[in-house]
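Since the structure is predicted, the reported quantities are computational estimates derived from the model, not experimental observations. Reckoned from all heavy atoms, side chains included, excluding hydrogens, waters and symmetry mates.
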Amino acid sequence: MDALVVYESMFGNTRRIAEAVAEGLSCRVRAEAVEVGSAPAQVGPDIGLIVVGGPTHAFSMSRTSTRRSAAQQATGPLVSRGDGVREWLATLRTPAARLGSAAFDTRIAKPRMPGSAARGIARRLRRLGVRAVGPAQSFLVIGTQGPLVDGEVERARQWGERLAASLPATAPGESA
């Protein structure tokens, strides 16, 4: 079984988290982190787990308008320049019955800040019929452009390890 980590990232913080999650998953399965613009429109039969993440914009997943606003604030080139996770999930085709999923986001580290892209991502994956293997997870940044709060990259790697440990030892349809 392989794992695919699909991410949207404006300033690079979410990309760093996605790469750390993929590294953690790699302790048990082959895992690859892919920017949403390069993500497949259909999940292949070799993928048993899909992990999807993006930044929290205006209390949820990004939209065209919030990505445009982020681009105006950027001091360097953006990582994700086209459609985001919201648009990708709207067109994703998947063998839902055998696929596991997890969702994450990056969000500003402010107490009681409402909203989460991860919860919206998890909800969209459930609507596609994909089962969650764990609760949605948030990773914290300082300010709009970051950096990540100290320890978040390691926490993401450990989360990836826990996700991998929750997967079946054999691929779906195989006997132990």
Side-chain angles (χ1 to χ4, degrees), residues 1-9 13-57 59-62 80 83-107 114-141 148-149 151-176:
M1 169 181 351
D2 292 346
L4 180 64
V5 181
V6 176
Y7 67 89
E8 172 187 344
S9 183
N13 298 300
T14 311
R15 174 182 56 202
R16 288 187 62 210
I17 295 298
E19 290 168 348
V21 171
E23 181 184 327
L25 287 164
S26 293
C27 71
R28 295 198 180 203
V29 297
R30 285 187 307 204
E32 179 182 13
V34 178
E35 193 275 328
V36 68
S38 299
Q42 180 168 348
V43 176
D46 54 329
I47 302 296
L49 175 68
I50 186 167
V51 182
V52 183
T56 298
H57 284 193
F59 314 116
S60 189
M61 289 183 281
S62 74
S80 296
D83 286 342
V85 166
R86 178 187 297 266
E87 293 83 4
W88 179 73
L89 287 169
T91 61
L92 180 64
R93 293 180 318 277
T94 172
R98 60 160 199 79
L99 187 63
S101 71
F104 71 93
D105 65 23
T106 51
R107 51 186 294 163
S116 166
R119 287 195 300 266
I121 292 166
R123 193 169 32 256
R124 300 267 175 128
L125 289 165
R126 270 193 316 274
R127 286 183 195 148
L128 289 170
V130 181
R131 67 180 166 76
V133 299
Q137 188 71 39
S138 290
F139 297 93
L140 304 177
V141 296
L148 289 159
V149 168
E152 292 297 80
V153 171
E154 177 59 19
R155 193 166 70 83
R157 188 190 60 72
Q158 291 171 356
W159 183 60
E161 288 178 357
R162 287 192 306 276
L163 289 173
S166 74
L167 298 174
T170 59
E174 294 180 2
S175 57

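Residues satisfying the side chain to side chain donor-acceptor pair (under 3.5 Å) criterion with Glu35, sequence neighbours excluded, are Ser80. Residues passing the salt bridge (charged side-chain N to carboxylate O under 4.0 Å, His left out) test with Glu161 are Arg157, sequence neighbours excluded. With sequence neighbours excluded, no residue forms a salt bridge (charged side-chain N to carboxylate O under 4.0 Å, His left out) with Glu32.
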- Query: What's the verdict on side-chain contact (heavy atoms from CB on, under 4.5 Å) for Val51 and Trp159, showing C-alpha distance, side-chain angles and the deciding distance?
  - Reply: CA-CA 11 Å; Val51 182; Trp159 183 60; 4.1 Å; yes

- Query: Between Leu148 and Val153, does a side-chain contact (heavy atoms from CB on, under 4.5 Å) hold up when you go through it step by step?
  - Reply: CA-CA 8 Å; Leu148 289 159; Val153 171; 3.7 Å; yes

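Going from atom CD of Gln137 over to atom CZ of Phe104 covers 10.5 Å, rounded to the nearest 0.5 Å.
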When the side chains of residues 116-124 are checked against the rest of the protein, which donor-acceptor pairs come out under 3.5 Å, sequence neighbours left out?
residue, atom, partner, partner atom, Å
Ser116, OG, Asp105, OD2, 2.7
Ser116, OG, Ala118, N, 3.2
Ser116, OG, Arg119, N, 3.2

Using atom types as modelled, flag every donor-acceptor pair under 3.5 Å from a side chain in residues 18-30 to any protein atom, sequence neighbours excluded.
residue, atom, partner, partner atom, Å
Ser26, OG, Ala22, O, 2.8
Arg30, NE, Asp2, OD1, 2.8
Arg30, NH2, Asp2, OD1, 3.0
Arg30, NH2, Asp2, OD2, 3.0

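Put simply, the side chain of Thr106 never gets that close to the backbone of Leu140: no donor and acceptor are under 3.5 Å apart. Remark: the backbone N or O of Gly84 is paired with a side-chain donor or acceptor of Glu87 at under 3.5 angstrom. Of the possible polar contacts, none joining the Arg131 side chain to the Arg126 backbone as a donor-acceptor pair under 3.5 Å is found.
Of all heavy-atom pairs spanning Val85 and Gly53, the tightest one is CG2-O, 3.5 Å. Nearest approach of Leu128 to Leu89, heavy atoms of both residues: CD1-O, 4.1 Å. Listed here is the closest heavy atom pair of Val6 and Trp88: CG2-CH2, 3.7 Å. Val36 and Asp83 get closest at one heavy-atom pair: CG1-O, 3.4 Å. Shortest non-hydrogen contact noted between Val130 and Leu99 is CG1-O, 3.4 Å.
In this structure, the side chains of Gln42 and Leu92 stay at 4.5 Å or more apart for every pair of heavy atoms. At a threshold of 4.5 Å between non-hydrogen side-chain atoms, the residues Ser9 and Ile17 do not count as touching. Put simply, the side chain of Pro55 does not reach to within 4.5 Å of the side chain of Met61, judged on heavy atoms. No side-chain heavy atom of Ile50 sits less than 4.5 Å from a side-chain heavy atom of Thr94. A 4.5 Å side-chain heavy-atom check between Ile47 and Leu49 finds every atom pair outside the cut-off.
For residues 45-55, no pair satisfies side chain to side chain donor-acceptor pair (under 3.5 Å), with sequence neighbours left out.
In summary, the side chains of Ser62 and Glu8 do present a donor paired with an acceptor at a separation below 3.5 Å, with no hydrogens or angles considered.
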